[in-house]
Amino acid sequence: GGAAPKQAKKVDYVTVNDYGSSIFGRLQSLFKKAIEDAFPGLDVPLLLAETPNPQFGDYQCNSAMPIAAILKATGINKKPGDVGKEIHAKLPENIDFVEKIAVMPAGFINVFLNADYLRKQISSLALNGISLPKVAKKRVLVDFSSPNIAKEMHVGHLRSTIIGDSICRLFEAVGYDVLRVNHIGDWGTQFGMLIAHLYDRFPDFLKKLPDISDLQAFYKESKKRFDEDEQFKKRAYECVVKLQSRDGEIVQAWNTICDVSKKYNQIVYDHLDIKIKDVGESFYQDKMVELVKWIKENKPDMLRKEEGRQIMFPTGCDVPLTVVKSDGGFTYDTSDLAALKYRMLEEKCDWNIYVVDAGQNLHLETVYAAGRDFGWYDENTQRVEHVGFGLVLGDDKKKFKTRSGETVRLLDLLSEGVKRATEKLKEKGRDAVMTEEELAAARDAVAFGCVKYADLSHTRTQDYIFSFDRMLDDRGNTAVYLLYAYARIRSIVRTSGVTDSQLADYLAKTPILPLNHPAELKLAKQLLKLSDCVLLVLDSLMLHQMCDYVYNLATLFHDFYNECYVIERKEGEPVVVHFHRLALCEVTANVISTCFKILGIREVPKM
Ligand code: ARG
């Protein structure tokens with residue numbers, strides 16, 4: 001049970017200044033305005049979608065039907081077809097990307113794209129490179145990964161790491177100011193027992209970093225002693241007190257334990273190309289003291305004493321936050337309150353995102369509700385948001401564990417991926433045609449790419465089944481398939497015999513590429529949709545939408561390549577190079593590469 005209210009008003013946090021090639025974005029704003037002009041003050045959501053059947057154009061606006069229904073309820077009888085015509089009449093006469101607009105009797109407004117517009121846009125992408133829509137700059141903090149020291153990073157943290165990093169990459173791609181924050185659990189009473197245990201097990205820890213290969217086991221050992229040995233327990237408490245009062249040697253012991261853990265995590269981050277800055281719970285120690293003082297001075301009514309604890313119920317919440325424990329210590333709640341205050345008031349974020357498993361939703365929403373009660377952020381301009389995700393499951397659909405029921409060590413998991421990727425490449429005979437370096441690059445791209453892509457391509461909010469077999473399948477929506485597709489496209493250009501400067505010369509002389517074959521035009525449309533996709537994901541933070549996009553792109557490229565010769569080699573005849581198709585290959589590869597960058601997939605030119 002338990003509930004907390006969500007941030008009420010959704011801030012329009014993505015402000016588009018220039019839609020670039022996003023046709024969908026431009027259509028949206030055109031239709032919004034036309035509907036507003038034709039039926040002022042009518043509060044209807046815009047229904048705009050891609051048309052399922054190309055016979056009816058490329059996009060369709062389906063707002064006429066609900067509008068007719070609303071009008072009817074107020075006593076005005078208008079057929080949806082007429083409503084559609086009135087909306088159509090308010091659209092600008094000439095829209096550069098529109099060939100024609102047809103209003104169906106049932107009210108559907110069908111939009112057909114102008115092929116010359118497509119040709120021009122693709123030519124510009126070929127000549128000038130990929131450009132993304134321009135959005136207003138935002139300062140965004142992304143709290144992700146955030147493992148706990150001494151309790152090993154597990155697959156849940158891996159999910160947070162992968163999703164969080166990709167969200168950061170997307171934000172960076174559109175020019176946001178991004179703070180990548182690792183809110184590690186590096187503070188709390190458990191450090192007392194860890195430090196006491198460290199003194200016993202590694203008495204010379206001050207001189208050299210102890211070789212604790214299994215921090216998890218170390219944690220368990222110390223926990224066992226803590227539970228069974230009164231003497232040890234007492235020492236552990238003394239260590240906590242000393243740690244909090246910044247006793248030099250105890251702080252060093254604490255640092256040692258953190259370093260051991262961070263060193264391990266860093267290997268995982270290096271494999272996965274993750275950049276992140278530690279701003280853990282310990283960072284808030286003084287700020288938590290300040291916070292409690294601040295609440296007592298400014299909002300004393302919010303605090304309530306219960307069995308020695310100081311708790312608070314934010315507005316609309318029925319599970320309280322524990323601000324101070326009965327022994328005077330702080331909790332996870334306290335550090336998150338202090339972190340929220342700091343992020344909104346000191347870091348001055350426009351957007352504060354927490355990439356944390358869905359199980360922590362209640363905790364986070366309760367903290368956010370407290371932040372609103374305290375007036376730490378303005379809901380009309382700032383946004384605080386939990387970006388949740390489901391569980392990682394094993395093949396048996398139960399929580400992902402080792403056979404013996406232990407937490408899976410992430411480094412073991414990644415090594416397994418590397419092993420499987422090596423087998424996969426051998427199976428395809430790639431070891432025979434690539435140099436050792438190329439093979440190693442391909443192996444790592446496959447191993448780490450497949451783990452990341454499997455995670456990102458599943459709907460974030462749902463649980464997903466971790467399966468190497470599935471993620472290494474080269475026929476489905478997987479990183480392997482895409483990496484192959486990408487390498488193949490690059491090799492078409494590489495082996496065409498056409499040099500970069502020859503292609504550049506051609507493009508400079510050809511402002512409109514002669515794209516006429518249906519497969520060329522289909523591919524061209526999909527290429528232009530990159531901008532739509534970026535805007536969509538910027539709003540939803542659902543990265544599987546980008547995976548779907550790039551997968552569809554690769555499939556459409558495949559169709560195009562099957563139907564259209566890029567290079568024609570006929571016996572006894574000179575080789576014919578279709579330059580405009582070569583340009584289409586280049587643009588496709590560049591768009592895939594842009595998606596890879598956002599998804600955090602390492603591209604390799606050869607596979
Ligand atoms: N350390 C926490 C855990 O492992 C996640 C922290 C998420 N971030 C936050 N600000 N609460 O469960």
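For the single chain, residues carry numbers from 1 onward in sequence order. Whatever order the structure lists them in is the order used to number ligands and atoms, beginning at 1. Atoms considered below: every heavy atom in the structure, side chains included; atoms not considered: hydrogens, waters and symmetry mates.
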## Note on the structure
In terms of heavy-atom contacts, Ile276 and Ser145 come closest through CD1-CB, 3.9 Å
### Query
Counting only N and O atoms by type, is there a donor-acceptor contact under 3.5 Å from the side chain of Ser160 to the main-chain atoms of Val356?
no
### Query
Pick one: which of Tyr354, Trp376, Tyr377, Phe374 meets ring-ring contact (aromatic ring centres under 6.0 Å, His included) with Tyr368?
Tyr354
### Message
Closer than 4.0 angstrom, basic N to acidic O: yes or no for Asp463 and Lys397?
### Response
no
### Task
Please determine if Arg309 and Glu307 form a salt bridge, counting it only when a charged side-chain N lies under 4.0 Å from a carboxylate O.
no
### Summary
Counting from 1 in the order shown, the ligand 1 atoms closer than 4.0 Å to a non-hydrogen atom of Val356 are 7 (C), 8 (N)
### Message
Using a 4.0 Å heavy-atom cut-off, which part of Asp336 comes near ligand 1: side chain, backbone, both, or neither?
### Response
side chain
### Message
Could you check whether Tyr199 and Glu249, counting side-chain N and O atoms only, form a donor-acceptor pair closer than 3.5 Å?
### Response
yes
### Message
Suppose we measure from atom 1 (N) of ligand 1 to each protein heavy atom; which comes out shortest, and what is that distance?
### Response
Asn148 OD1, 2.7 Å
### Tyr354: numbered ligand 1 atoms lying under 4.0 Å from its heavy atoms
10 (N)
### For His157, atoms of ligand 1 separated by under 4.0 Å from a heavy atom
3 (C), 4 (O)
#### Entry: Polar atom proximity, Glu281 to ligand 1 (N or O, under 3.5 Å)
no
#### Entry: Min N/O separation Asp143 to ligand 1 under 3.5 Å
yes
### Message
For Asp350, is there any backbone N or O sitting under 3.5 Å from a side-chain donor or acceptor partner on Arg139?
### Response
no
### Query
At a 4.0 Å threshold, what atoms of ligand 1 neighbour a non-hydrogen atom of Tyr332?
2 (C), 5 (C), 6 (C), 7 (C), 9 (C), 11 (N)
### Query
atom 12 (O) of ligand 1: which protein heavy atom is closest, and how many Å away?
Gln360 NE2, 2.8 Å
